[in-house]
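In this chain, numbering begins with 1 at the start of the sequence shown.
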Amino acid sequence: MNAPDAPVPDAPAADRAGPVPEDADTMARDRMWYVFAAGADRPAVPPMPPGAEPPPGVPVSALPVAPRLPDTARHDDLTVLPPGTVDLLEDTPFPAGRITGVPEDQALAHALVAAFGVQRREPENPFNDHRGYASVRSKFPVQILVNDRGRRRVFDPYRRALAGLAGASSEPSAAREVLLTGRFTRLPATYRWYRGSLVQLELGIALRAVCVALQLLGIPARVRLPGPGARERLAEFGLTPSWEWTLPVVVELAGDTPPVAAGPDHGPAEAVQDPVMADVVEMNRAQRFPTAAAAVGTAIPPGTPDTGLSWAEVLWRRTSGRMPRGLFGNNARPRTVPGGVLDTARDWLLTPPPGAELRAAAGALRVTAVTQSVTGHPDGVYEVTSAAYSPRATGPGVPARLEEIYGYPLAPGNGCDVRHASVLWFLSFRPRELAGHLGTSAWTAAQYTCGWAVHGLTLAAATAGLYARPVRAFREAPARRILGLPSDEMVVLAVISGTSRFSGPLLDLRQ
């Protein structure tokens, strides 16, 4: 997932018709949209904090971040998960096949590896490694916590093991749960307010990944979104300070789970010294979802045609694009793709997430597709619904216009072939309108829902030999004009999908 390293230079004059000025700093826009949703017609531009830019000569990828596992992870206390997940996936046709015959005490282990395990290493890729979900700069800020009837551990994707956590509670529990929580400090401080939205988008991606894997293994589950007692779950796993972490999304496996204790939603306010991080934490803690858990109906769209591929092959093919010799970005080549590619992507995108609140967010999200050389669809801009592709504008050259407003321009060390994309997907919503339906939970609900949708899109793209690159790097206001969106609509996430120009060796890390 891409996000621009710095404010976009030479931004146009302020867009007086919209709530957020067009020349507002790219990363400050998230905070301004959030404040607009809460009722401020003209949100103030938040001040630029000290240290907002990396030191001269230091790339963003080299800036300090929190470690990939919680600081309290115990590498001397590992429960190695059983091998053979890739064999199970290779024997399972995509998308309709299901894995059967796995002993109950091993099914969750295989689901975790299928959802989050490391797939491969690309020797020329400066942002390794490939895993089961997309991540900005491969930082993978979402931690997968497991409570297996009182044994509280964290999934280590490199060791394919569950690691103990120093400081975790030893309180007995009847529950079997997977908890997803994101660590804001896995992204460098220069990301500012983006730390919140990018991590929450990845929570949605990870939620879809685990729900797909559980469905593949035939494990019934329920999803509980953050509500009363959510912050206490962080302390239960020894995750401190709590402000570094999102409120967890809990996936409950079928069986008895203890009732949620009544009490304050998230406890007293947390002391956060960094004012930008304080904003990020405030935006995350504003979610107030009901206490009831929602059954996971389907994470895999029913009725999708057979692909002739296995689940192992599709997960292996998933990619955000390739570049040779350690260069950044991605390069594409022009290619005509069949119209069925669009239909499959739509099916995966529009499969609703579990729960009334996320389904309401999914209903409020607008999907816009920019097509190029897709059989049966003239080049242009389309609004995509389950019923139709409704053209807003037709004609060639829209991807090239979008490339001009992309935050990573073509350069000697950076590939940027937006102009050669087959499809560009944009997910947007009207923040104030959604807040009118979902209240303070609207912000995170929209991000979880976008992440959920995009994870499905990455699988659909892989079946067609396309990469799918989730990005937040298009300049929002000019992109909105090109797409024909109103000025009070926020583009939450986009995906660039095309055919890689380059290939290279892949080191198979699956088990």
Step by step, work out the side chain to side chain donor-acceptor pair (under 3.5 Å) result for Asn330 and Arg469. CA-CA 9 Å; Asn330 65 286; Arg469 193 176 191 86; 3.2 Å; yes
For [X] against [Y], the heavy-atom pair lying closest together:
X      : Y      : result
Ser135 : Pro141 : OG-CD, 3.5 Å
Arg401 : Ile482 : NH2-CG1, 3.5 Å
Ala312 : Arg510 : O-NH1, 3.4 Å

Hey, does [Y] have a side-chain heavy atom less than 4.5 Å from the side chain of [X]?
X      : Y      : result
Pro352 : Leu358 : no
Phe289 : Thr444 : yes
Leu108 : Leu253 : yes
Trp425 : Val367 : yes
Pro226 : Val249 : yes
Gln200 : Trp443 : yes
Tyr382 : Ser390 : no
Trp316 : Leu506 : yes

Between [X] and [Y] (side chain of the first, backbone of the second, donor and acceptor by atom type, cut-off under 3.5 Å), is there such a pair?
X      : Y      : value
Arg195 : Leu187 : yes
Arg231 : Pro228 : no
Arg322 : Thr319 : no
Ser173 : Ala175 : yes
Gln372 : Gly397 : no
Arg472 : Leu198 : no
Asn128 : Asn125 : yes

Can you give the donor-acceptor pairs under 3.5 Å from side chains of residues 450-462 to other protein atoms, not counting sequence neighbours?
{"residue": "Trp452", "atom": "NE1", "partner": "Thr351", "partner atom": "O", "Å": "2.9"}
{"residue": "Thr458", "atom": "OG1", "partner": "Arg318", "partner atom": "NE", "Å": "3.1"}
{"residue": "Thr458", "atom": "OG1", "partner": "Arg318", "partner atom": "NH2", "Å": "3.4"}
{"residue": "Thr458", "atom": "OG1", "partner": "His455", "partner atom": "O", "Å": "2.6"}

Side-chain donor-acceptor contact under 3.5 Å, [X] with [Y]:
X      : Y      : result
Gln287 : Tyr448 : yes
Asn147 : Glu177 : yes
His377 : Thr371 : no
Glu244 : Thr185 : yes

On the six-membered ring of Phe140, is Arg131 placed so that its NZ or CZ lies under 6.0 angstrom from the centre and within 45° of the ring axis? yes
Write out all pairs satisfying salt bridge (charged side-chain N to carboxylate O under 4.0 Å, His left out) with one or both partners inside residues 359-376, taking only residues at least two apart or from two chains. Arg366-Glu383, Arg366-Glu489
Ion pair [X]/[Y], N-O distance below 4.0 Å:
X      : Y      : value
Arg31  : Glu282 : yes
Arg121 : Asp508 : no
Arg480 : Asp488 : no
Arg501 : Asp417 : yes
Glu236 : Arg233 : yes

Give the table of side-chain donor-acceptor pairs shorter than 3.5 Å for residues 89-106, with sequence neighbours excluded, one pair per line with atom names and distance.
{"residue": "Thr92", "atom": "OG1", "partner": "Leu88", "partner atom": "O", "Å": "2.7"}
{"residue": "Arg98", "atom": "NH1", "partner": "Pro95", "partner atom": "O", "Å": "2.9"}
{"residue": "Arg98", "atom": "NH1", "partner": "Ala96", "partner atom": "O", "Å": "3.1"}

Can you say whether the rings of Phe127 and Phe328 are parallel (under 30°), tilted (30 to 60°) or perpendicular (over 60°)? tilted
